[in-house]
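A short write-up of the structure that comes next.
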Amino acid sequence: MDRYLVFGHPVRHSKSPFIHTLFARQTQQELEYGLAEPAVDEFAHALRTFFDQGGKGCNVTVPFKEQAFTLVDRLSPRAKRAGAVNTIKRTDDGVLLGDNTDGAGLVADLKSHGVTLADSRILLLGAGGAARGALAPLLAELPSELVIANRTHTKAQQLAAEFHDLGPVAAQTYEQLAGPFDLVINSTSASLQGELPPLAPALIHTDIAIYDMMYGASDTAFISWAKQHGARQTMDGLGMLVEQAAEAFTVWRGIRPGTKQVLRELKRNLGEI
């Protein structure tokens, strides 16, 4: 049976095996999907061993995405642009192809919630790997402006300069930010610690869309904060998780699974509904 894994550290909390098992059942694909949690300095060896033993493909999550970028034989255009790999496929001729499905998953989830990206003014919080993966797909939707804000301003400036050829992207400090924004995306990991980016409450208004890439069984700290200040449309990253997984499944198997039923099952699994 074809074998797939998700590599991460930690990764025991991952919902990827649950999601891909449902995708396989839905599309009548025979595969098994498991977890791998190598030590941070043993990822390269673990990855090589998995594919040497016949593994067909894998997902890669924190903290290995940038390292995976350097370990594959070939990169997809979107992985090359993102500078990070979250999906690897072993091709029929043994080549390890690195891809990045995060940004495509984000855009698909935003659209499924009815968020308009064209001609919108978007604020992206954070300048790490999650932000890098999101930038090209977001700019491809032709927003009027995409502003990056990060605690370390030089990182936001570097990211804006790197992606400036794709559209109107700029870097600002948190203190410089001035609304109105149509959409705010939190790509930082602050919610994992129950913390908040230093965003002024005045930037939140009733018509703004708030998206946190993190997710949980209840509202993240950022979503709770945004609701308290009047945001009516808030979304967590659970849908992005499912959509990027569907994109990865398509890369591996050549068939695209449906996501709505799987998302419902995942929410039920988390105790959300």
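The basis for the numbers below is simple: all heavy atoms, side chains too, and nothing from hydrogens, waters or symmetry mates. Remember, predicted model here, so these are calculated numbers, not experimental data.
- Distance check: E195 CD to S189 OG gives 8.5 Å after rounding to the nearest 0.5 Å.
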Original post:
Under the side-chain contact (heavy atoms from CB on, under 4.5 Å) criterion, do R78 and T101 qualify, and how do the steps go?
Top reply: CA-CA 8 Å; R78 57 189 178 184; T101 66; 3.9 Å; yes
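- To the nearest 0.5 Å, atoms CE (M240) and OG (S112) are separated by 12.5 Å.
- Between atom CG of residue D73 and atom OG1 of residue T91 there is a gap of 8.0 Å, rounded to the nearest 0.5 Å.
- More than 12 heavy atoms of other residues, nucleotides or ligands shown are found within 6.0 angstrom of NE2 on H205.
- No single ILVMFWY cluster, assembled from side-chain heavy atoms under 4.5 Å apart, contains both L138 and V184.
- The CG atom of D109 sits 3.5 Å away from the OH atom of Y211 when rounded to the nearest 0.5 Å.
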**OP:** Give the C-alpha distance, both sets of side-chain angles, the deciding distance and a yes or no for side-chain contact (heavy atoms from CB on, under 4.5 Å) between L110 and L183.
**Re:** CA-CA 10 Å; L110 285 167; L183 169 65; 4.1 Å; yes
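- Counting non-hydrogen atoms of other residues, nucleotides and ligands closer than 6.0 Å to NZ of K80 gives a total of 12 or fewer.
- Taking every heavy atom of both residues into account, S14 and S16 meet most closely at OG-N, 3.1 Å.
- Between K267 and D236, no side-chain nitrogen of the basic residue sits less than 4.0 Å from a carboxylate oxygen of the acidic one, so the salt-bridge criterion is not met.
- Salt bridge status for R25 with E265: absent, with no side-chain N to carboxylate O gap under 4.0 Å.
- The number of heavy atoms from other shown groups lying within 6.0 Å of CG (D92) does not exceed 12.
- Around the CD atom of E162, the shell of radius 6.0 Å holds more than 12 heavy atoms that belong to other residues, nucleotides or ligands.
- The CD atom of Q157 sits 11.0 Å away from the CG atom of L159 when rounded to the nearest 0.5 Å.
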Original post:
For K89 and T87, what are the C-alpha separation, side-chain angles and deciding distance, and is it a side-chain contact (heavy atoms from CB on, under 4.5 Å)?
Top reply: CA-CA 7 Å; K89 173 184 179 178; T87 300; 5.8 Å; no
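- Ring geometry, Y33 versus Y4: the interplanar angle falls under 30°, so the pair is classed parallel (tilted spans 30 to 60°).
- Between F23 and H20, the ring planes lie perpendicular to each other; the angle is over 60°, past the 30° to 60° tilted range.
- Atoms OG1 and CZ, from T259 and R264 in turn, are 9.5 Å apart once rounded to the nearest 0.5 Å.
- Side-chain contact between K56 and L31 is absent, with no heavy atoms from C-beta onward closer than 4.5 Å.
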**OP:** List the steps, then state whether side-chain contact (heavy atoms from CB on, under 4.5 Å) holds for T220 with N186.
**Re:** CA-CA 11 Å; T220 67; N186 180 22; over 6 Å; no
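- For F43 and F64, the gap between ring centers is short of 6.0 Å.
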